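Take a look at the structure below.
Order of listing sets the numbers, starting from 1, for every ligand and every atom in it. Since the model is a prediction, treat every value here as computed from it, not as a measurement.
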Amino acid sequence: MAILEVEAVSKHFQRGAERIVALDAVSFRIDQPSVTAIAGPSGSGKSTLLGMLARFDQPDSGYIRVDGERLDQIADAALDQYRNRKLGFVFQQFNLIGALTALENVELALAPQGLPAREARERASAMLEQVGMAQRLGHAPAELSGGQQQRVAIARALVNRPSLVIADEPTGNLDSKTAQQLLELIAKLNQQTKTTFIIATHDQRVMDMAQRVIHLEDGRQVAGPVAAAAAAVAGHGRTA
Ligand SMILES: Nc1ncnc2c1ncn2[C@@H]1O[C@H](COP(=O)(O)OP(=O)(O)OP(=O)(O)O)[C@@H](O)[C@H]1O
Ligand SMILES: [Mg+2]
């Protein structure tokens, strides 16, 4: 059974008279625990695709299966369970809760598990330590830099040890050393706990470490820049 199947997924947005095709018949599947990068210019549909994987939104047509289960068939009452247990989501804008500390933000993600408070606290702080945030547990989001907030959001997504992690530009605000540490953590979790990562990114380092890169342009899947360039060269050499 595939971990993820995206089958001919299309999505448009209507703004007044304007029809924006955000995704146009995108299809791919992931069979093994792996790291997949979703690359493409701004506005190419990356966040739209990721949002549908978490079922924050639904396709106009096509469907998505996670571990064989069609997302459009998950009842609303079962959605929280799907998101809490199976999925970790890192938002492009972090979506941390401003009134809570870094530690509390991560603890909150553990709440549905009903762990004893002390164990939840220990797991949350251990996860924050793994992303290099052990010195900032008591800080509110407003007291953290963008890169630090991003790392809290990453810890929150990982703390439940989900089998599928969806991350929207997780290195976008990180300096190169912190980004490198995050990529090492992702590789380690992928290998040791068989976690699958799907990462929307502009970051070449993420594409380089991914087993697979899916390129989007204007909502369509395209061959990557390298493949496209090679095809152009091959086409040029051919006699008509
Ligand atoms: N709620 C919405 N209403 C109208 N248009 C939208 C909406 N959400 C996204 N779009 C449009 O859909 C297209 C795809 O947007 P999306 O956010 O998926 O791009 P992206 O690849 O994530 O870009 P970025 O790299 O800037 O984050 C864009 O043209 C965007 O303007
Ligand atoms: Mg985006």
Regarding Glu169 and His202, do their side chains bring together a donor and an acceptor under 3.5 Å, going by distance alone?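 Side chains of Glu169 and His202: pair found under 3.5 Å.
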The Mg ion (ligand 2) contact by Ser47, N, O or S atom under 2.8 Å: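 Yes - counting backbone and side chain alike, Ser47 has an N, O or S atom under 2.8 Å.
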From the candidates Gly43, Gly40, Ser42, the one that places a heavy atom nearest atom 19 (O) of ligand 1: Gly43
Proximal candidate to atom 15 (O) of ligand 1 [heavy atom criterion; set Leu216, Thr48, Thr201]: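 Looking at heavy atoms only, the winner is Thr48.
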Is Ile20 touching ligand 1 with its side chain, its backbone, both, or neither, if touching means heavy atoms under 4.0 Å apart?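 For Ile20, only side-chain atoms sit under 4.0 Å from ligand 1.
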Specify side chain, backbone, both or neither for Pro41, according to which of its non-hydrogen atoms lie closer than 4.0 Å to ligand 1. backbone
Under 4.0 Å from a heavy atom of [X]: give me the atoms of ligand 1 that qualify, with their elements.
X      : value
Gln92  : 27 (O)
His202 : 25 (O)
Ala22  : 12 (O)

One thing to verify: whether Arg65 and Asp72 come together as a salt bridge, which I'm taking to mean a side-chain N less than 4.0 angstrom from a carboxylate O. no
Using a strict 4.0 Å threshold on nitrogen-to-oxygen distance, state whether Glu122 and Arg118 make a salt bridge. yes
Assess Gly219 for proximity to ligand 1: is some non-hydrogen atom of it under 4.0 Å away? no
Closest approach of Phe28 and Ile38, non-hydrogen atoms and distance?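 Where Phe28 meets Ile38 most closely, the heavy atoms are CZ-CD1, 4.3 Å.
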